[in-house]
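To keep things clear, I will list the structure first and then write my remarks on it.
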Amino acid sequence: MSISIRGISKRYGIQLALDNVSLDIGDGQIVGLLGPNGAGKSTLMKIITGFVKADSGSVSVCGHDTAAHPFEVRRLLGYLPESNPLNTEMYVREYLTMMASLSGVKDKTRRVEDIIRLTGLSPEAHKRIGSLSKGYKQRVGISQALISDPKVVILDEPTTGLDPNQIVEIRELIRGLAKDRTVVLSTHIMQEVEATCDHIVIIDHGNIKAQGTVAEVLSLAAEGRQAVDVEFYADVDPVRMSRELQAEVDEVGPRRFRLTAPATDDDLRITTFRFATRHNVPLLHLSAQSEDMEDVFRRLTTDK
Ligand code: ADP
């Protein structure tokens with residue numbers, strides 16, 4: 001197991017940022033921490049890296065307890081903080097060489113050149129960091145996280161603020177990293193985890209709401225629920241429909257609705273068809289729907 005998190009809680013004053021979080025992350029996985037702003041993702045990452053102390057619980061990285069062996073853990077980890085603090089006055093190569101020295105890298109020159117190649121920085125490596133585009137600055141941040149060739153890489157919101165082309169490039173870079181290491185990234189964007197990660201952990205209000213592969217989280221969330229999309233030829237009263245069908249009703253367009261109900265022996269398609277017949281409203285469309293990741297995310301992280 002690369003990372004083992006047991007019963008972590010953290011408060012900032014009265015703000016509970018993490019509430020008894022436990023999580024196991026296996027070797028070689030790309031894990032996405034997905035949650036709205038303020039969910040606790042950055043705090044969890046800072047606790048894994050040892051930059052912030054938890055109030056209770058424990059974290060171990062590759063078998064080393066972060067509280068008991070902070071220096072060993074730092075050596076095993078690479079970390080891109082959310083703000084990606086870089087020395088903008090320095091040149092790319094100069095900065096990475098300094099970071100390599102600080103990390104105790106043996107063959108610095110070679111390592112810096114390898115990393116520059118790996119992260120696609122070659123055309124920009126001779127430039128001052130301050131003059132780079134946001135996408136290239138992010139590559140420099142990822143490069144410093146990788147400079148010591150860590151087994152575990154923690155990337156806090158690695159694609160935030162990038163344009164669509166840069167996002168695709170950074171995603172490819174991240175996928176490439178996972179060949180021989182564990183990557184944990186955080187994001188508030190669903191497509192990010194679907195595009196990049198093997199595993200997803202949905203966090204909200206300091207709690208883990210769901211975790212597993214994308215397929216597992218979707219099927220877990222769908223369990224016990226049925227959903228139907230329906231379009232009528234004439235107006236129907238949504239409140240009455242909700243009451244008669246014992247279903248949640250979302251109006252998604254003119255005379256079009258998404259109905260959701262607990263899974264029972266009554267197929268929602270049949271009861272909806274009978275509702276239309278009973279009220280003499282012709283049906284234009286009726287189909288069973290499965291939730292996509294966006295529906296699941298919204299349902300699990302929206303205050304009701
Ligand atoms: P996320 O990364 O998911 O956006 P954070 O871990 O940054 O969430 O924040 C979780 C909660 O803890 C939020 O309510 C945030 O305001 C609070 N928080 C985070 N860092 C601090 C801090 N240094 N001081 C006070 N409150 C903080």
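Remember, it's 1-based here, ligands and their atoms both numbered in the order they're listed. These figures come from a predicted structure and were not determined experimentally. Quick note: numbers below take in every heavy atom, side chains included, and nothing from hydrogens, waters or symmetry partners.
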Checking Arg139 against Tyr136: charged group under 6.0 Å from the ring centre and within 45 degrees of the axis?
->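 Checked: cation-pi criterion met.
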Taking the six-membered ring of Phe273, is NZ or CZ of Arg278 closer than 6.0 Å to its centre and within 45° of its axis?
->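 Negative - Arg278 is either too far from the ring of Phe273 or too far off its axis.
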For atom 16 (O) of ligand 1, is the nearest protein heavy atom closer than 4.0 Å?
->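 No, there is none.
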Does one side chain, of [X] or [Y], offer a donor that lies under 3.5 Å from an acceptor on the other?
{"X": "Asp24", "Y": "Ser4", "value": "yes"}
{"X": "Ser42", "Y": "Asp156", "value": "yes"}
{"X": "His188", "Y": "Glu157", "value": "yes"}

Which residue owns the protein heavy atom closest to atom 18 (N) of ligand 1, what's the atom, and how far is it?
->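 Nearest protein contact, heavy atoms only, for atom 18 (N) of ligand 1 is Tyr12 CD1, 3.3 Å.
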Closest protein heavy atom (residue, atom, distance) for atom 9 (O) of ligand 1 =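 For this ligand atom, the closest protein heavy atom is Thr43 OG1, 3.9 Å.
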Thinking salt bridges, do Glu244 and Arg240 make one under a 4.0 Å N-O criterion?
->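 Yes.
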Closest candidate by heavy atom, reference atom 7 (O) of ligand 1, pool Ser186, Ala17, Ser42 =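 Heavy atom nearest to atom 7 (O) of ligand 1 belongs to Ser42.
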Who's closest to atom 11 (C) of ligand 1 heavy-atom-wise, of Gly35, Gly40, Gly13, Gly38?
->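 Heavy atom nearest to atom 11 (C) of ligand 1 belongs to Gly38.
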Would you say Gly206 touches ligand 1, if touching means a heavy atom closer than 4.0 Å?
->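 It does not, in that no heavy atom of Gly206 comes within the 4.0 Å cut-off of ligand 1.
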Examine the proximity of ligand 1 to Gln15 and report which part, side chain or backbone, both or neither, has a heavy atom under 4.0 Å away.
->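 The answer is the side chain of Gln15.
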